[in-house]
Amino acid sequence: VARVGNLAEVRSIISGENAARNLPFSREQEKAKLKYVRSASPVIHQKTAAKVRDDQPLVFGYYVNWDPASIVSLRINLSRLTHLVPEWLVLQNGKGDLSDESDATVIKIAEDAHLPVLAMVTNFRDGWRAADLHSVLTNPDHRANLIDNIYSNLVEHKFAGVNLDFEQLPSRDRARMVEFMQALKAKLSPSGLLVTQAVPTDDEAYDLKRLAAIDDYIVPMVYDEHY
């Protein structure tokens with residue numbers, strides 16, 4: 001039996017008082033009372049990516065899975081981007097094997113916004129793996145395996161192309177990097193896939209002139225050099 005600690009809290013009907021009527025619910029009356037607030041939420045209001053135009057610069061938006069702010073920034077800036085470059089393909093060893101860390105949600109966002117995806121391939125795996133990169137570039141079988149893996153991932157996910165971010169390239173592999181990019185371009189171009197590459201501007205190991213002649217787009221890494 002429940003006990004009531006304070007009788008003053010108990011609703012009672014005094015003699016002569018009418019009990020409250022149980023009125024039927026009117027959906028239309030309640031609907032008329034509703035006030036709607038316009039939201040600028042990029043989730044509710046889907047945006048479309050910027051079109052590639054000859055009179056406008058390309059805008060690459062880089063995306064990473066490990067930063068929660070990345071997907072927020074992507075949604076907000078969709079209409080400003082011409083291409084999305086997500087860090088999704090990671091070199092796993094010197095044999096050319098890749099791990100695929102693509103995110104289905106981000107792929108759907110890009111697809112709905114008609115935003116081309118250039119999957120980044122990186123040799124960063126708990127630090128830059130220069131030895132693995134050297135092994136891939138110097139061994140024809142390893143090189144061919146990496147190129148095939150890149151191609152397969154792009155086709156599987158219907159990406160627009162690739163963005164190579166291979167850093168700490170040994171100086172002795174300067175010419176081999178050029179040869180690799182030539183072979184990659186020969187594999188991807190017939191399928192209409194773009195070949196893009198991020199390169200440091202102050203490292204003699206990268207033959208910028210020859211790489212620029214091969215790549216569809218080259219992205220100079222000039223971080224913190226705007227002041």
Checklist entry - Any chain of hydrophobic side-chain contacts (each under 4.5 Å) joining L208 to L133? => result yes

Checklist entry - Do D207 and K209 come within less than 4.5 Å of each other through their side chains, counting heavy atoms only? => result yes

Checklist entry - Regarding N77 and S73, is there a side-chain donor-to-acceptor distance under 3.5 Å anywhere? => result yes

Checklist entry - Short question: side chain of S152, backbone of D148 - any donor-acceptor pair under 3.5 Å? => result yes

Checklist entry - side chain to side chain contact (heavy atoms under 4.5 Å, CB included) between V136 and D132: does it pass, once the steps are laid out? => result CA-CA 6 Å; V136 167; D132 287 349; 5.6 Å; no

Checklist entry - Between the main-chain N or O of P170 and the side-chain N or O of R174, is there a donor-acceptor pair closer than 3.5 Å? => result no

Next on the checklist: I'd like to check D165 versus V121 (side-chain heavy atoms, cut-off strictly below 4.5 Å). Are they in contact?
Outcome noted: no

Checklist entry - Is there a path from M120 to L169 through hydrophobic residues (I, L, V, M, F, W, Y) whose side chains come within less than 4.5 Å of each other? => result no

Checklist entry - Is a side-chain N or O of D173 found less than 3.5 angstrom from the main chain of L137, in a donor-acceptor match? => result no

Checklist entry - Does R129 use its side chain to pair, donor to acceptor, with the backbone of R125 at less than 3.5 Å? => result yes

Next on the checklist: Can you tell me if D55 has over 12 outside heavy atoms packed within less than 6.0 Å of its CG?
Outcome noted: yes

Next on the checklist: Working to the nearest 0.5 angstrom, can you tell me the gap between I107 CD1 and I109 CD1?
Outcome noted: 10.5 Å

Next on the checklist: According to a hydrophobic-cluster definition based on side-chain heavy atoms being under 4.5 Å apart (Ile, Leu, Val, Met, Phe, Trp, Tyr only), do L98 and I147 belong together?
Outcome noted: yes

Checklist entry - Under a 4.5 Å side-chain heavy-atom rule over Ile, Leu, Val, Met, Phe, Trp and Tyr, are Y217 and V85 clustered together? => result yes

Item to check | Main-chain N/O of L89 paired with D100 side-chain donor or acceptor, under 3.5 Å | outcome: no

Next on the checklist: Does L84 form a side chain to side chain contact (heavy atoms under 4.5 Å, CB included) with L118? I'd like the steps, not just the answer.
Outcome noted: CA-CA 6 Å; L84 179 64; L118 304 174; over 6 Å; no

Next on the checklist: So L115 and T48, do their side chains get closer than 4.5 Å, heavy atoms only?
Outcome noted: no

Next on the checklist: If I compare all heavy atoms of T82 with all of P116, which pair ends up nearest, and what's the gap?
Outcome noted: O-CD, 3.1 Å

Checklist entry - Do N145 and D97 have side-chain atoms, one donor and one acceptor, less than 3.5 Å apart? => result yes

Next on the checklist: Restricting to non-hydrogen atoms, name the atom on E101 and the atom on N65 that form the minimum distance, rounded to 0.1 Å.
Outcome noted: O-ND2, 2.8 Å

Checklist outcome for this item: To the nearest 0.5 Å, atom CG of D141 lies from atom CG of N139 at 5.0 Å

Checklist outcome for this item: In this structure, CD1 of I218 is separated from CG of L164 (nearest 0.5 Å) by 10.5 Å

Next on the checklist: Using side chain to side chain contact (heavy atoms under 4.5 Å, CB included), reason through L194 and L188 one step at a time and then give a plain yes or no.
Outcome noted: CA-CA 7 Å; L194 294 175; L188 270 53; over 6 Å; no

Next on the checklist: Tell me whether the rings of W128 and F124 are parallel (<30°), tilted (30 to 60°) or perpendicular (>60°).
Outcome noted: perpendicular

Item to check | Check: N123 side chain, E167 main-chain N or O, donor-acceptor pair, under 3.5 Å | outcome: yes

Checklist entry - Counting distance only, does the side-chain N/O of S70 pair as donor-acceptor with the main-chain N or O of V64 below 3.5 Å? => result yes

Checklist entry - Do side-chain atoms of K47 reach the backbone of I76 as a donor and acceptor pair under 3.5 angstrom? => result yes

Checklist entry - Is Q56 atom CD crowded by more than 12 heavy atoms from other residues, nucleotides or ligands, each under 6.0 Å away? => result yes

Checklist outcome for this item: Nearest heavy-atom contact between Q168 and A130 is O-CB, 3.3 Å

Checklist outcome for this item: Closest non-hydrogen contact found for L58 with V52 is CD2-CG1, 3.7 Å

Item to check | Donor + acceptor pair across side chains of T196, D216 (<3.5 Å) | outcome: no

Next on the checklist: Run M177 and R210 through side chain to side chain contact (heavy atoms under 4.5 Å, CB included) and show every step you take.
Outcome noted: CA-CA 10 Å; M177 175 59 79; R210 294 183 67 189; over 6 Å; no

Checklist entry - When rounded to the nearest 0.5 angstrom, what is the spacing between OG in S102 and NE2 in H157? => result 3.5 Å

Next on the checklist: Is there a continuous path of hydrophobic side-chain contacts, each under 4.5 Å between heavy atoms, that joins Y62 to F166?
Outcome noted: no

Checklist entry - From Q92 CD over to N149 CG, what is the distance, rounded to the nearest 0.5 angstrom? => result 11.0 Å

Checklist entry - How are the rings of Y63 and W88 set to each other: parallel, tilted or perpendicular (split at 30° and 60°)? => result perpendicular

Checklist outcome for this item: Of all heavy-atom pairs linking A110 and V117, the shortest is CB-CG2, 3.8 Å

Checklist entry - Just checking, is any N or O donor in the side chain of H83 or N163 under 3.5 Å from an acceptor N or O on the other one? => result no

Next on the checklist: To the nearest 0.5 Å, what is the distance between CD on E156 and CG on N153?
Outcome noted: 6.0 Å

Checklist outcome for this item: D215 and Q197 have their tightest heavy-atom pair at OD2-OE1, 2.8 Å

Next on the checklist: Can a donor-acceptor pair be found, under 3.5 Å and without considering hydrogens, that links the side chain of S189 to the backbone of K185?
Outcome noted: yes

